[in-house]
Number of protein chains: 2
Amino acid sequence: MHSLSEENYLKAIYSQAKEGAHKITPTSIAEELRNNPASVIDMLKKLGDKKLLNYDKVKGARLTEKGTKIAIEIVRKHRLWEVFLLEKLGYSWGEVHDIAEQLEHIHYEDLTDRLDKFLGYPNYDPHGDPIPDKNGKIPATKWQALAEVEIGKKVKVMNVDDNSPDFLKYLDKQEIGLNSILTIKEIQNFDKSLLVELKGKKEIYLSPEASRKIFVE
Amino acid sequence: MHSLSEENYLKAIYSQAKEGAHKITPTSIAEELRNNPASVIDMLKKLGDKKLLNYDKVKGARLTEKGTKIAIEIVRKHRLWEVFLLEKLGYSWGEVHDIAEQLEHIHYEDLTDRLDKFLGYPNYDPHGDPIPDKNGKIPATKWQALAEVEIGKKVKVMNVDDNSPDFLKYLDKQEIGLNSILTIKEIQNFDKSLLVELKGKKEIYLSPEASRKIFVE
DNA sequence: TCACTTTATTAGTCTTGACTAATTATATTT
DNA sequence: AAATATAATTAGTCAAGACTAATAAAGTGA
Ligand SMILES: [Mn+2]
Ligand SMILES: [Mn+2]
Ligand SMILES: [Mn+2]
Ligand SMILES: [Mn+2]
């Protein structure tokens, strides 16, 4: 098996690739892992030796098939544990991420699949992120940032792009969660803030930053 | 928080004390952790500096109150996770220990107590070991080794003293588990093997080693 | 008591995965 | 193009936690 550190690197690189980063650099990885580029370069060398990725200055870091597979397994575990923590232990969606960050590194024959079964084979985690299946297949999702939605449209919240406790607590306070139904009432000209109607409840203003982190269909 | 390694040392020392070891030495700890006495001495120094234990050559290692508290928390987590793995994920009692060995090191506010609640506040783990409560209280148990039971007595299996997959698989094959009802039929003179009747099922021979690891009431 | 065996301890190394500081490459501005 | 800023890389260090080999201390048996 791979060390906790190695796994976190693979996951970080995978997630940047998934977000469409055109080049994954020591600096970008260091930022994500909150460590420094010199450390990252050491690790890139090591993971390169293990054939889990290729790194060169021009193309940046790219996971090999083997590396991708491992990253996806960790993502799968992470998201399944999040579901567990929310549904079975009653944590809020703002708390589950940090705990799953640890649980994702527990390895044992069959553990992930049993957890999956126990949870009833969920397709999405508490933040609306898709859970890879046993074979690493990930349901494609094609949601739209709330910021892109036209005025007047009625949409459903499917995903949030920022799992930080801060942001999620902010949404909790606004009473926005997954599956909330929103209608765009106004877009402020001066800063692109949105005025949205939260179905049946109230109207609220959302900052442009927030509206770029909320995905809907 | 303390490192995974530190926690494993505290747990090892705690468990030897619990078993009534009159002196806990670098060698005995090294044996339990499958590492070597020189490493243990380094760690004893470190844990001593942190006031988690006192070590001297004559008295051996003794946990302080603070050290004991931490050890009990880890034991609590370990046993609760074992219950989870058995009851919710369907692992056998021979598999749960190794997984719990990893899970016991996951830390997060409230996690243990929520798990406890989710599991319905169990009192014993899958091996019959008592689970410390929220305050570290451990239900006293006063069971008898099967090896000590008189001929003719009918007893119930309450605990097994060896959590290794090997031993537990051996018991599975004999169809002995927690709560099995046994009647001692014969004690072989030449080696103290027991002939026991497994209620309603069959008669089997148990080696003296096995009968010292099975606790009954 | 003396030789022998077992334990404890120290000293020195090693690996992992960080870090800082210095250096070299690349990009951006002027 | 030169000056400047940013990014990548190298070199050297460090702490944690392990190990081996060497030495010191206890314990045991004859
Ligand atoms: Mn992680
Ligand atoms: Mn998530
Ligand atoms: Mn452990
Ligand atoms: Mn147990």
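Sequence lines set the chain letters: A, B, ... in the order given, protein chains first and strands last, and positions in each chain run from 1. As the structure is a prediction and not an experimental result, all values here were calculated from the model.
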Query raised in the report: Tell me: CG of B/D42 to P of C/dA8, nearest whole Å?
Result: 15 Å
Report task. Would you mind reading off the distance between B/N35 atom CG and D/dT20 atom C1', rounded to a whole angstrom? Result -> 14 Å
Query - B/W93-B/Y124 aromatic ring centre distance below 6.0 Å - result: no
Report summary line: In whole angstroms, the gap separating P of C/dA8 from CD1 of B/I24 amounts to 12 Å
Query raised in the report: With a cut-off of under 6.0 Å to the ring centre and 45° to the axis, is A/K213 in cation-pi contact with A/F167?
Result: yes
Report task. Please state how far atom NZ in B/K57 lies from atom C1' in C/dT6, giving the value in whole angstrom units. Result -> 13 Å
Query raised in the report: Hey, does the Lys NZ or Arg CZ of A/K88 hover above the aromatic six-ring of A/F118, less than 6.0 Å from the centre and inside 45° of the axis?
Result: yes
Query raised in the report: When the distance from CD1 of A/I41 to C1' of C/dA25 is rounded to whole Å, what number comes out?
Result: 12 Å
Requested in this report: Taking B/D133 for its side chain and B/N135 for its backbone only, find out whether a donor-acceptor pair lies under 3.5 Å.
Outcome: yes
Requested in this report: Considering just the side-chain nitrogens and oxygens of A/S5, establish if one lies under 4.0 Å of OP1 or OP2 belonging to C/dA18.
Outcome: yes
Query raised in the report: To the nearest angstrom, how far is B/M43 atom CE from C/dA8 atom C1'?
Result: 18 Å
**Report entry** Under 3.5 Å: donor-acceptor pair, side chain of A/R114, backbone of B/L89
**Finding:** yes
**Report entry** Nucleotide C/dT15, atom P - distance to CG of A/D49 in whole Å
**Finding:** 14 Å
Report task. Pick base, sugar-phosphate or nothing for A/N36, based on heavy-atom distances below 4.0 Å to the nucleic acid. Result -> base
Query - Nearest-nucleotide comparison on DNA chain D, the residue closer to the 5′ end among B/K23 and B/L4 - result: B/L4
Query raised in the report: For C/dT16, does either OP1 or OP2 sit under 4.0 Å from a side-chain N or O belonging to A/Y9?
Result: no
Query raised in the report: How long is the line joining CD of A/E6 and C1' of C/dA18, in whole Å?
Result: 14 Å
Requested in this report: Answer with base, sugar-phosphate or nothing: what part of the nucleic acid does B/S39 contact at a heavy-atom distance below 4.0 Å?
Outcome: base
Query raised in the report: Under 4.0 Å between a side-chain N or O of B/K45 and OP1 or OP2 of C/dT9?
Result: no
